[in-house]
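Please read the structure below before turning to the comments.
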Amino acid sequence: MSLENISCQKSFGGWHKRYRHSSKVLGCDMVFAVYLPPQAEQGERLPVLYWLSGLTCTDENFMQKAGAQRLAAELGLIIVAPDTSPRGDQVPGDPDNAWDFGKGAGFYVNATQQPWAQHYRMHDYVVDELPALIEAHFPASEQRSISGHSMGGHGALVCALRNPGRYRSVSAFSPISNPMDCPWGEKALSRYLGEDRARWREWDASVLLASTPAGECPPLLVDQGDRDDFLDNQLKPQALEQAARKGGHALTLRLQPGYDHSYFFIASFIDEHLRHHAVALGRV
């Protein structure tokens, strides 16, 4: 797969770069961002943290707002941030032009319903196609961790739980913890997967965590702000906590006083998440 470099900026001794490529899985051109720390120019193959952003976001939100590059440079972590959905004129969006479905809202599932099934296969893109590309074109090892925010937090949890052993660790900020039981999730899953709620269970982090055998879940860290406007209606971290208890998993769930759903929150705790992953990836 060929890559087209569309931007490049020096950052903390490393490089923040954006690339465009043709995705076979999604049937469209996709853009992703990669931060290559200084160690990437020294011949060392480095572990990768994949970051999944939330509703309405692109690859740019995290890279520009989270402030992760400084510590990633110190730890020697590559960070990869894909887009949140397929893009292009041939890709169907929300029929009502709503912001919480369609373009910018792929929900990191593999759609089975038309007209979404042809393009909306973000799970396979994040788990398989993108890592293969990263490991072929950059000094990236096969050691991977995954994190995300809101819809992307849901995606990170689901990617890790559906693919045991693929990620060394997982973390999330304000994840949609139980999409089967919230308006955002019900809208997305019903359209992407159909009305049979039994199929939704395969894409619900709380359901997956409860049924994952003890010892098969990677180290799990979740931060949630207690002033988040979406906390009670959409995010429901208590469902994830109950699932971890039921499945016998060690979950670090921190309710952070005074914080909301914004990147001010993410930037405040991103260093702790990077260190969480660095431990699992053997960088500290």
Side-chain angles (χ1 to χ4, degrees), residues 49-52 54-55 107-109 123 126-127 144-186 188-189 193 196-261 265-266 268-281:
L49 173 64
Y50 289 88
W51 172 271
L52 307 184
L55 290 165
F107 260 82
Y108 305 101
V109 302
H123 180 81
V126 167
V127 172
R144 313 172 194 93
S145 290
I146 193 164
S147 185
H149 172 231
S150 195
M151 178 187 71
H154 142 79
L157 293 167
V158 168
C159 286
L161 293 168
R162 284 175 58 94
N163 299 276
R166 188 154 184 81
Y167 301 99
R168 296 290 185 92
S169 54
V170 59
S171 74
F173 289 84
S174 315
I176 302 173
S177 299
N178 192 193
M180 291 184 64
D181 188 31
C182 77
W184 283 340
E186 289 174 346
L189 297 181
L193 306 176
D196 183 359
R197 294 178 67 91
R199 296 181 179 178
W200 302 4
R201 297 176 61 84
E202 302 173 25
W203 303 98
D204 186 298
S206 293
V207 173
L208 291 171
L209 187 61
S211 60
T212 296
E216 291 190 9
C217 180
L220 178 57
L221 170 64
V222 174
D223 273 314
Q224 171 66 60
D226 73 354
R227 289 184 61 246
D228 192 318
D229 291 339
F230 307 114
L231 176 57
D232 296 327
N233 192 39
Q234 302 281 11
L235 306 178
K236 302 187 176 183
Q238 67 273 12
L240 198 65
E241 192 170 37
Q242 293 168 4
R245 191 179 304 116
K246 180 178 179 180
H249 305 293
L251 164 66
T252 302
L253 174 60
R254 308 188 302 190
L255 193 64
Q256 301 290 4
Y259 287 92
D260 60 14
H261 200 69
F265 169 47
I266 294 170
S268 299
F269 297 99
I270 190 62
D271 281 5
E272 295 177 39
H273 283 243
L274 291 178
R275 293 190 186 281
H276 164 78
H277 295 294
V279 169
L281 292 166

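Throughout, numbering of the chain's residues begins at 1 and tracks the sequence. It should be emphasised that the depicted structure is a prediction, and the values quoted were computed from it without experimental measurement.
In summary, the aromatic rings of W203 and Y108 are positioned with their centroids too far apart to meet the 6.0 Å limit.
Nearest heavy atoms, G258 versus R227: O-NH1, 3.2 Å. Nearest heavy atoms, S150 versus H261: OG-NE2, 3.0 Å. Residues H249 and P213 share a closest heavy-atom pair of CE1-O, 3.3 Å. When all heavy atoms of H154 and V109 are compared, the pair lying nearest together is NE2-CG1, 4.4 Å. Residues P218 and A160 approach most closely at CG-CB, 4.3 Å, considering heavy atoms. When all heavy atoms of V170 and A156 are compared, the closest pair comes out as CG2-O, 3.6 Å.
Partner S171 forms a side-chain contact (heavy atoms from CB on, under 4.5 Å) with one of L157, I146, L221 and no other, that one being L221.
With contacts defined as side-chain heavy-atom distances shorter than 4.5 Å, the pair H123/R162 qualifies.
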Show the atom names and distances, to 0.1 Å, of all donor-acceptor pairs under 3.5 Å that link a side chain in residues 172-183 to residues at least two apart or in another chain.
| unit_1 | atom_1 | unit_2 | atom_2 | d |
| --- | --- | --- | --- | --- |
| S177 | OG | P175 | O | 3.4 |
| S177 | OG | L235 | O | 3.3 |
| N178 | ND2 | D204 | OD1 | 3.2 |
| N178 | ND2 | D204 | OD2 | 2.7 |
| D181 | OD2 | K236 | NZ | 3.2 |

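The aromatic rings of Y167 and Y50 lie perpendicular to each other, with more than 60° between the two planes, well past the 30° mark. Using cut-offs of 30° and 60° for the angle between ring planes, the F265 and F269 rings count as perpendicular.
One finds a salt bridge joining D223 and R254 here, because a Lys/Arg side-chain nitrogen approaches an Asp/Glu carboxylate oxygen to under 4.0 Å.
Within 6.0 Å of CZ in R197 there are more than 12 heavy atoms belonging to other residues, nucleotides or ligands. The 12-atom threshold is not exceeded at CZ of R199, counting heavy atoms of other residues, nucleotides or ligands nearer than 6.0 Å.
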Next on the checklist: Let's go through F230 and W184 carefully: what are the C-alpha distance in whole Å and the side-chain angles of both, what is the deciding distance for ring-ring contact (aromatic ring centres under 6.0 Å, His included) to 0.1 Å, and is it a yes or a no?
Outcome noted: CA-CA 10 Å; F230 307 114; W184 283 340; 4.8 Å; yes
